[in-house]
Amino acid sequence: MEEIFKKAYEPKEHEGVIYKIWEESGFFNPEKMIGAGLTHEKAEAYTIMMPPPNVTGILHMGHALMLTLEDILIRYHRMLGQRTLWIPGTDHAAIATQARVEKDIYKNEDKSRYDLGREELLKRIDVFAKASHDTITSQIRIMGASCDWSREAFTLDEKRNFAVNTAFKKMYDEGLIFRGLRVINWDPKGQTTISDDEIVYEEREATLYTFKYACDFPIPVSTTRLETKIGDTAVAVHPDDKRYQDFIGKEYKVSFCGEELNLKIIADREVDPNFGTGALGVTPAHSQIDALMAEKNHLPMVQVIDEKARMISKNELLNGKKVLEAREIIANWLREQKLLIKEEKIKQNVATAERTGGIIEPLPKKQWFVDVEKEFVPVCHAGATATASRNNTDPVVSLRDDKALQKTSLKRIMKKSVESGAITILPEHFSKIYFHWIDNLKPWCISRQIWYGHRIPVWYDEAGEVVSVGNEPTSAKGSGVVMQDPDTLDTWFSSALWTFSTLGWPKETAELEIYHPTSLLETGYEILFFWVARMILMSGYFLDEVPFKKVLLHGTVRDAKGRKMSKSLGNGIDPIEIAEKYGADAARMALVTAAAPGTDIKIEENKIKGYKHYTNKLWNITRFILDNTETSDFAKLNEEVVATTEADRKILEEFAKAKAKITQSLNDLEIHLAALEAYRVTWNELADFYIEASKKQLEDPGIKTHTQKLLAHLLVQALKLNHPFIPFVTEKIYQSLPHKNKPLLMVETW
RNA sequence: GGACGCUUAGUUCAGUGGUAGAACGUUCCAUUCACAUUGGAAAGGCCGCAGGUUCAAUCCCUGCAGCGUCCACCA
């Protein structure tokens with residue numbers, strides 16, 4: 001027996017070495033598996049694209065969970081003999097990364113991004129991103145992820161940039177990407193536009209002012225944002241409101257705090273007649289709802305607040321003032337003029353930016369949008385023509401709207417992908433949430449006023465007209481200076497292409513043929529809309545197929561008290577520290593067994609400690625079996641097994657049952673049940689029951705040899721059944737058994 | 001305001017139309033034994049509440065309560 005089994009299992013001593021052996025074998029790469037004759041070339045493909053962690057620092061428990069679940073499935077499918085590919089990568093996470101670096105620079109050098117300039121800031125971010133990338137990829141290795149590093153991708157590398165620009169151009173040409181003046185969510189702190197999904201609402205107390213614009217103005221209105229009232233161009237009432245019927249359609253000129261306002265009385269069903277006075281001052285430039293009303297009624301839009309959340313006004317007292325100061329000034333003016341009718345405190349939800357905490361200021365700005373409603377006739381994309389001949393088991397459902405025969409929209413593509421069953425979302429109830437989201441979908445604002453990211457591939461002439469779109473600026477015919485759009489793309493635009501930009505798209509590669517659509521997307525439910533839906537959109541549009549056949553959503557990892565792990569609470573558990581202390585195997589077991597699909601996961605150190613005991617249990621099972629079997633070639637012992645005693649029959653039956661259950665659970669993506677079953681059969685059946693029974697059998701010369709064979713057989717079976725969950729200890733044991741030649745457990749058959 | 005989910009042992013959670021399950025914790029016993037990280041056993045439950053469907057409901061349906069999440073938004 002090898003020396004190492006004489007003491008307790010020490011994960012730290014073995015895990016790094018084992019990972020190196022795996023990586024150097026090349027078998028994370030499916031083509032290498034085929035080359036070595038371990039996988040059949042025609043074998044069904046099984047593909048997962050790793051959700052790329054942000055290059056904003058280090059791996060957290062959520063990543064560890066994601067890696068664990070995906071690695072279990074990948075190892076299982078590799079052992080099944082499928083052509084198994086798992087592509088790793090990282091995400092540039094534009095806003096998050098830039099904000100992180102800017103914060104550091106501000107702290108250390110007291111400089112803003114404008115002090116550094118675009119080029120210098122980008123240099124600094126690249127350095128940070130590179131370091132962060134290196135940390136993260138080494139941590140992914142520590143967790144034991146058997147992903148194909150030869151195909152590693154970054155959402156902002158050259159290949160992905162080419163894909164992004166190609167995608168942008170194509171959608172622009174189709175009219176699906178347009179530029180428009182919209183009231184968007186402006187973050188004055190981050191100096192950028194943010195999407196609706198990046199807003200968090202905070203409840204605060206606000207003052208609701210009820211006032212009249214002028215003494216001869218007939219309708220009093222209520223507002224919490226007095227300062228925006230100098231930008232009002234209408235007053236809206238409910239069309240059925242009896243009080244105001246006579247005024248609808250009339251126009252009034254008023255002098256309001258040094259500004260001349262032209263106010264039209266309009267009727268709109270959006271107005272709640274029971275709130276305030278039942279009348280609403282319409283500020284088209286600084287409220288999204290108001291902008292819609294203004295569009296319907298052809299009202300002018302007057303911007304009165306700038307990007308720094310300061311006033312723009314003809315009134316010298318107001319101009320350049322912060323919004324809160326302006327609010328006071330106007331309130332005082334109203335009091336002096338005796339126009340202020342009422343002041344009351346109300347609770348109000350204030351929109352703030354998730355990343356910076358800045359209070360959102362709705363502003364009109366020219367932005368780039370993806371139009372999700374626009375109907376278009378899909379071109380038969382090159383990729384789509386080949387779908388019929390694809391090497392995939394499931395028929396590829398065309399995502400075009402059959403009824404309309406020709407026309408569809410991005411929204412319909414997104415809906416149909418799930419509705420038709422081409423994509424299954426697990427747990428199933430998330431489908432409802434998905435459909436609900438799609439029904440309420442608005443144009444997707446894809447431009448961001450930050451510097452880190454894919455720069456919008458649009459060039460303008462001096463007049464600001466678009467002269468070129470795509471990968472390279474084509475020289476404008478005779479026109480003057482050509483300037484690239486200063487903005488960058490929403491980070492989700494590039495990650496939306498992830499399932500196929502990682503496979504060589506827009507080139508028509510063999511890889512796309514073989515590995516797309518991918519088999520499964522495994523990710524947290526919190527990015528169902530940000531990411532999952534947008535991948536469905538892009539894949540449906542560019543390839544006329546779904547990006548993945550199944551979506552498995554896991555929950556948020558929380559601490560023992562059910563709180564989210566966060567830096568500010570200091571309750572985070574670092575997966576790498578844990579792996580260091582108890583082994584990656586133990587961390588994996590603790591995570592997977594707690595992870596029922598879609599439910600949040602509570603984790604505490606004790607649980608992980610418990611699973612370290614489990615790896616040691618397996619270690620001791622091995623020690624016992626090696627102690628009681630003398631052989632130079634373990635594989636031979638493992639060959640044929642027959643049951644002679646009652647205990648033999650029972651244990652073989654238990655193993656057969658366990659194998660069936662684990663297989664079934666993994667196929668059903670009930671990974672936690674599979675892991676618990678492996679644990680149960682190993683500890684309760686093999687260790688507690690059969691090893692105890694074998695002690696007597698080994699003393700009986702008549703059945704001693706037979707019992708040894710059976711023990712050897714059971715050990716190998718147990719190693720295989722456990723390998724997807726706890727790959728390191730099982731591989732280490734397998735490597736240490738007396739084999740004539742030393743195969744890798746990782747590539748053994750299930 | 002709208003949607004979705006959860007409620008099962010002291011705790012954390014599985015689970016099923018027919019006698020209620022695990023892990024941890026607790027208590028007791030055993031242990032020179034592959035296991036310092038062991039084994040065996042015990043205690044512990046109106047399966048949130050109220051109706052309904054059913055021969056039979058913890059499970060299916062309806063309502064309610066508490067907790068949680070997401071979405072919208074408050075002029």
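Sequence lines set the chain letters: A, B, ... in the order given, protein chains first and strands last, and positions in each chain run from 1. Bear in mind that the values here come from a model prediction, so they are computed numbers and not experimental data.
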Please list every stem that involves RNA chain B, where a stem is a run of 3 or more consecutive Watson-Crick or G-U wobble pairs with both pairing distances under 3.5 Å.
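As far as RNA chain B goes, consecutive pairing (with distances under 3.5 Å) yields the stems B:1-7 with B:65-71, B:10-13 with B:21-24, B:26-30 with B:38-42, B:48-52 with B:60-64.
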
Looking at residues at least two apart in the chain, or sitting in another chain, which of them share a salt bridge (charged side-chain N to carboxylate O under 4.0 Å, His left out) with [X]?
{"X": "R327(A)", "value": "E227(A)"}
{"X": "E13(A)", "value": "K7(A)"}
{"X": "E646(A)", "value": "R649(A)"}

Report the residues that fulfil side chain to side chain donor-acceptor pair (under 3.5 Å) with N628(A), sequence neighbours left out, ordered by chain and then residue number.
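By the side chain to side chain donor-acceptor pair (under 3.5 Å) rule, N628(A) matches no residue at all.
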
Output all residues satisfying side chain to side chain donor-acceptor pair (under 3.5 Å) with H14(A), sequence neighbours left out; order by chain, then residue number.
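Testing H14(A) for side chain to side chain donor-acceptor pair (under 3.5 Å), a comparison that skips the adjacent residues, returns none.
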
Using atom names, set out every protein N or O paired with an N or O of nucleotides 21-28 of chain B below 3.5 Å, distance rounded to 0.1 Å.
none

Which listed nucleotide (A34(B), A14(B), U69(B)) is nearest to the side chain of H672(A)?
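The closest nucleotide is A14(B).
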
Side chain of F529(A), heavy atoms from C-beta onward: which of A75(B), C71(B), A34(B) has the nearest atom to it?
C71(B)

Only counting residues at least two apart or in another chain, list the ones meeting ring-ring contact (aromatic ring centres under 6.0 Å, His included) with [X].
{"X": "Y582(A)", "result": "none"}
{"X": "H238(A)", "result": "none"}
{"X": "Y611(A)", "result": "Y679(A)"}

Without decimals, in angstroms, what is the distance between K661(A) NZ and A14(B) P?
14 Å

Provide a list of protein-nucleic acid N or O atom pairs under 3.5 angstrom, restricted to nucleotides 2-10 of chain B.
none

Taking only N/O atoms, report every protein-nucleotides 35-38 of chain B pair under 3.5 Å with atom names and distance.
| unit_1 | atom_1 | unit_2 | atom_2 | d |
| --- | --- | --- | --- | --- |
| C35(B) | O4' | N620(A) | OD1 | 3.2 |
| C35(B) | O2 | K617(A) | NZ | 3.1 |
| C35(B) | N3 | K617(A) | NZ | 2.8 |
| U37(B) | O2 | N616(A) | ND2 | 3.1 |
| U38(B) | O3' | K617(A) | NZ | 3.3 |

Could you go through T645(A) and Q697(A), starting from their C-alpha distance and side-chain angles, then the distance that decides it, and tell me whether this counts as side chain to side chain donor-acceptor pair (under 3.5 Å)?
CA-CA 9 Å; T645(A) 67; Q697(A) 295 189 193; 2.7 Å; yes

Is NZ or CZ of K650(A) both nearer than 6.0 Å to the six-membered ring centre of F689(A) and within 45° of the ring axis?
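Yes, K650(A) sits over the ring of F689(A).
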
